Amino acid sequence: MIKKPYLLSPGPTPVPPEVCQVASLPLIHHRGPEFSAIFREVTEGLKYIFQTELDVLTLTSSGSGAMEAAVVNILDPGDKALVLNAGKFGDRWGKICRAYAVDVQEIKVPWGAEIAKEDLAEQLAAHPDARAVFCTLSETSTGTVYDIEGFARVTASTDALLVVDGISGLGAMPCPMDAWGVDVLISGSQKSFMTPPGLAFIAFSPEAWRHVESSRLPRFYFDALAARKGLQKQTSAWTPAISLIRQLHKALEIMQNIGLEGLFSHHRVMAEATRAGIHALGLELLSENPGNILTAVKTPAGLDGNRLVKIMQEMYKVHIAGAQDPHKGKFFRIGHLGFTGGFDIITALTALEMTLGDLGYAHKRGDSIRAAQAIIKENWQ
Ligand SMILES: *Cc1c(COP(=O)(O)O)cnc(C)c1O
């Protein structure tokens, strides 16, 4: 049999054919009018997705580069920062801060658990000298989404800036930067932006820009002032990933044609169909507050989660993701963000049922498909 591969990881995500095609165009120069016109439209498209009137800077790096840019552009050595750590990516905020000698205070909860805005308020009251709060919109290691609107209400009455990692969530769920009062918002190309990896985005509020202008942490490549200067001339500070920016240009056109509401409702249907399928198999979700970006599922008792993911990936060629350290094997993650359709969900659930069968897990074949199909059909329009 031809074993056709399917990508259902929570990043990188599938890239539409029209976006793939653009990568093969001959190169243009990044200091010419053709590139400037594209870059201007890309920046406008990003502002639409960020829901902001502020500049959105495009960096040539993976998403973590924008995380580092956020830290080094707003803080001074020895500053105190509050990090909300509920998984791999919240943890990464702490690691980056510590690498730059920032004094890190963490609110750490088990993977998949919620963080109440009241807990943040309490910690900020205990640490009134905290200069920034680092948090995550959609914690991709667990599938949990966080109350950014609530967090922003808390930080609004303090001196701390609110920095949000929207790398997997932005473009798939609401996070209106200006309306909620987020100070620094970042994202990356390879999640809901349906573009290959290699670009990261960052926007600063007027108050955050004041920090950028005076902050003293060392920086060069990720200097936001250099990026802003480039943007004023419709180009980037350094040689950008020109082909990726052209791909993003096409992807943003697709996203804007669908519209934010359309993107959000699409992701809701994908997530509801996946969750219905999972529940129909008697399986449990990891997260206390699962988002619509990906679904993390606990490995059923007695099964080896690493083996499950390996069979899905290697035997059935359906690439879902396992759990990351230190929870390897305990759960698995089905990504349904970006360019993922209802029939991709059906494919993932079919491969999951076949894999569960191989591992001896008792279930009625087809139950998850029926449950997911009902939701996809109901919402087909
Ligand atoms: C993917 C992801 C990152 C890391 O991005 P890279 O592009 O791998 O550097 C950070 N945070 C979140 C929430 C992510 O989903």
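For this chain, numbers begin at 1 and follow the sequence in order. Keep in mind the model is a prediction, meaning the values are calculated, not measured. Every number for a ligand or one of its atoms is a count from 1 in the order of the listing. For the numbers below, each heavy atom of this structure counts, side chains included, while hydrogens, waters and symmetry mates do not.
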Please write down residue, atom name and distance for the protein heavy atom closest to [atom].
atom	value
atom 11 (N) of ligand 1	D165 OD2, 2.6 Å
atom 14 (C) of ligand 1	K191 NZ, 2.9 Å
atom 10 (C) of ligand 1	F89 CD2, 3.2 Å

Compare [options] and give the one whose heavy atom is closest to [atom].
atom	options	value
atom 6 (P) of ligand 1	A200, S192, S62	S62
atom 4 (C) of ligand 1	Q190, K88, R92, E68	R92
atom 15 (O) of ligand 1	T140, L337, T136	T140

Side chain T60, main chain A241, donor-acceptor under 3.5 Å: yes

S9 side chain to A321 backbone, donor-acceptor under 3.5 Å: no

Residues R98 and E106 bridged, charged N to O under 4.0 Å: yes

Pairing of E213 and R210 as salt bridge, 4.0 angstrom limit: no

Atom indices of ligand 1 within 4.0 angstrom of S64 heavy atoms, with elements: 4 (C), 5 (O), 6 (P), 9 (O)

Numbered atoms of ligand 1 (with element) below 4.0 Å of S168, judged on heavy atoms: 15 (O)

Identified side-chain contact (heavy atoms from CB on, under 4.5 Å) partner of T43 from the options L231, D55, L57: L231

Among I49, V15, I167, L337, the one residue meeting side-chain contact (heavy atoms from CB on, under 4.5 Å) with F193: I49

E139 and ligand 1 - part of the residue with a heavy-atom distance under 4.0 Å: neither

Mode of S138 contact toward ligand 1 - side chain, backbone, both, neither (heavy atoms, under 4.0 Å): backbone

Check: E139/T144 side-chain N/O donor and acceptor closer than 3.5 Å: no

Approximate separation, where rounding is to 0.5 Å, of N379 CG and M270 CE: 8.0 Å

Close N or O approach (I167, ligand 1; < 3.5 Å): no

